[in-house]
Amino acid sequence: MRPWQKNHTFSSEFIILGFGDMAEFGLFLIMHLVTLAGHTTVVLITLTDSFLQTPMYFFLQNLSTIQICYTLVIVPNMLANFLSRCQHMPFLGCALQMHLFIALGGEECFLLLAMAHDRFVAICIPLSYTLTVTRALCLQLLTLACLGSFALSLTLTVLIFLLPFCRSHENNHFFCDIPAVLFLACSDTRANEVAVFLVCMLILFVPFLLLLFSYGFIITAILRIHSAEGRSKTFSTCAGHLLVSLLHYGCAIFIYSRPKSCYTPEQDKIVSLVYTNVTPMLYPMIYSLRNKEVKGALRRLLESRSC
């Protein structure tokens, strides 16, 4: 048996180094609780309020559900890491975390594209909106997003975890992210990097380009509106979605579109910290809590609870 094979055979866990500092534990715990509370509120009001039973809020409801799962996959382990300084994660546990993280992130990419299509039809061809964006279409898009992202994620995760990890198993990150795990592999990873790039093309680049293409038409249609009030009101219905999309796609493209040779652990940890902790916390405020319809639904929910 070759040395690297022997080492790989007895490898049963990774050591997640994280940040090695307990100073910010309280801050990230509060952020995590605020994130869960915000997205749970969005899911609750879009499920129960009869005025929010539209395609846009259907997608928003599922986007918030994904964000809840997304943060639960990463943040509790990260918080445990703050307390223990280093955390031992089983090989299969690391693979499962990577698979769920990629799958949920990919599903979010596809859902953001579906929401862009919803806004495109609503603003550019409003007369056919009710005929085009039906409940059946929304369910089909959600199913395709889920199946496509989980299939691509499973394929990529299997390819990565078939690699031999004969270097130190100390993962200089706070979760099992693709670049951090690939960095620990001791064999040639060029084929795996090509696979990562192809998945990025399908999950990130193609949806992002289609989203930008849709917004090109949307902005053109908005500029044709004669009144300033009309332009402002129409743009406000999609400004939050555009901002969230830029944050999500921007961070993901920065992390996953670079080759292994450009991997920088400390920089990647900071960017990952932003898109796994900060942006999910801001999404409900950007998307929903500044929306008059959502505010009205929240007020009706609180009034019904107080009666």
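Basis for what follows: all heavy atoms, side chains included, without hydrogens, waters or symmetry-related copies. Source: prediction; values computed, not measured.
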Self-check item: side chain to side chain contact (heavy atoms under 4.5 Å, CB included) evaluation trace for H32 with M78
Solution: CA-CA 11 Å; H32 181 52; M78 187 195 81; over 6 Å; no

Self-check item: Derivation and outcome, side chain to side chain contact (heavy atoms under 4.5 Å, CB included), residues L204 and C109
Solution: CA-CA 7 Å; L204 292 174; C109 289; 3.6 Å; yes

Exercise. Assess whether side chain to side chain contact (heavy atoms under 4.5 Å, CB included) is satisfied between V274 and K269, documenting all intermediate values.
Key: CA-CA 9 Å; V274 170; K269 278 198 288 188; over 6 Å; no

Self-check item: Verdict with reasoning, L139 to F58, per side chain to side chain contact (heavy atoms under 4.5 Å, CB included)
Solution: CA-CA 9 Å; L139 289 171; F58 171 80; 3.8 Å; yes

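Residues forming a salt bridge (charged side-chain N to carboxylate O under 4.0 Å, His left out) with D177 (at least two apart in sequence, or on another chain): none. Remark: N77 engages Q87 in a side chain to side chain donor-acceptor pair (under 3.5 Å) (not counting sequence neighbours). When the side chain to side chain donor-acceptor pair (under 3.5 Å) test is applied to R224, no partner is found at least two apart in sequence or on another chain.
Remark: aromatic rings of F91 and H169 are distant, center separation not under 6.0 Å.
Across every non-hydrogen atom of T264 and Q267, the tightest pair is OG1-OE1, 2.9 Å. Residues A195 and L159 share a closest heavy-atom pair of CB-CD1, 3.8 Å.
Both F161 and L163 belong to a single network of hydrophobic side chains, linked directly or stepwise wherever heavy atoms of I, L, V, M, F, W or Y lie under 4.5 Å apart. Note on L210: it clusters hydrophobically with F205, by side-chain heavy-atom contacts below 4.5 Å among ILVMFWY residues. Residues L147 and L144 fall into different hydrophobic clusters, defined by Ile, Leu, Val, Met, Phe, Trp and Tyr side chains chained together at heavy-atom separations under 4.5 Å. The same ILVMFWY cluster, assembled from side-chain heavy atoms under 4.5 Å apart, contains both L246 and I203. The cluster map of Ile, Leu, Val, Met, Phe, Trp and Tyr, joined by side-chain heavy atoms under 4.5 Å apart, puts I222 and F213 in the same cluster.
In this structure, CG on L100 lies 9.5 Å from CD1 on I102, to the nearest 0.5 angstrom. Between atom CD1 of residue I123 and atom OG1 of residue T220 there is a gap of 11.5 Å, rounded to the nearest 0.5 Å. The CD1 atom of I160 sits 12.5 Å away from atom NE2 of H99, with the distance rounded to the nearest 0.5 Å. Atom CG of residue N171 and atom CG of residue L184 lie 5.5 Å apart, to the nearest 0.5 angstrom. The distance from the CZ atom of F165 to the CG atom of L162 is 9.0 Å, given to the nearest 0.5 Å. Rounding to the nearest 0.5 angstrom, the gap separating the CG atom in L242 from the OG atom in S214 is 11.0 Å.
Residue pairs meeting the ring pair (Phe, Tyr, Trp, His ring centres under 6.0 Å) criterion with at least one member in residues 227-254, sequence neighbours excluded: F208-Y249, Y215-H241. The stretch residues 129-145 participates, sequence neighbours left out, in no salt bridge (Lys or Arg N to Asp or Glu O under 4.0 Å) pair at all.
Using a 4.5 Å heavy-atom threshold, the side chains of L247 and Y275 count as separate. Here the side chains of F174 and I74 are in contact, with some heavy-atom distance below 4.5 Å. L282 is listed as a side-chain neighbour of M285, based on a closest heavy-atom distance under 4.5 Å. The side-chain heavy atoms of V34 and I30, taken from C-beta on, include a pair separated by under 4.5 Å. In this structure, C200 and S257 have side chains that are not in contact, with every pair of non-hydrogen atoms separated by 4.5 Å or more. Contact of the T134 side chain with the L137 side chain is registered, since non-hydrogen atoms from C-beta on lie closer than 4.5 Å. Counting heavy atoms from C-beta outward, V196 and L182 have side chains that approach closer than 4.5 Å. In this structure, the side chains of H173 and L17 stay at 4.5 Å or more apart for every pair of heavy atoms.
Of the possible donor and acceptor atoms, none in the side chain of D268 sits under 3.5 Å from a partner among the backbone N and O of P179. Put simply, the side chain of N277 never gets that close to the backbone of M31: no donor and acceptor are under 3.5 Å apart. Side-chain atoms of T157 never come within 3.5 Å of backbone atoms of L154 as a donor-acceptor pair (strictly under, hydrogens ignored). With hydrogens and angles disregarded, no donor-acceptor distance shorter than 3.5 Å links the side chain of S153 to the backbone of S149. Panel note: side chain T71, backbone I68; a donor-acceptor pair is recorded below 3.5 Å. Side chain of Q53 to backbone of T46: a donor-acceptor contact under 3.5 angstrom is found. The backbone N or O of L223 lies less than 3.5 Å from no partner atom in the side chain of R231, so there is not a single donor-acceptor pair. Under the 3.5 Å distance criterion, the side-chain polar atoms of Q97 are matched with a main-chain donor or acceptor of C176. Of the possible donor and acceptor atoms, none in the side chain of T189 sits under 3.5 Å from a partner among the backbone N and O of N192.
Residue F197 qualifies as open at atom CZ: its count of foreign heavy atoms under 6.0 Å is 12 or below.
Of the residues listed (T143, N62, V133, T54), the one engaging C138 in a side chain to side chain contact (heavy atoms under 4.5 Å, CB included) is V133, and it is the only one. The ring-ring contact (aromatic ring centres under 6.0 Å, His included) test with Y70 singles out one residue from F101, F175, Y283, and that residue is F101.
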Please report, to 0.1 Å, the donor-acceptor pairs under 3.5 Å made by any side chain of residues 110-121, with sequence neighbours excluded.
from	atom 1	to	atom 2	distance (Å)
D118	OD1	Y129	OH	2.5

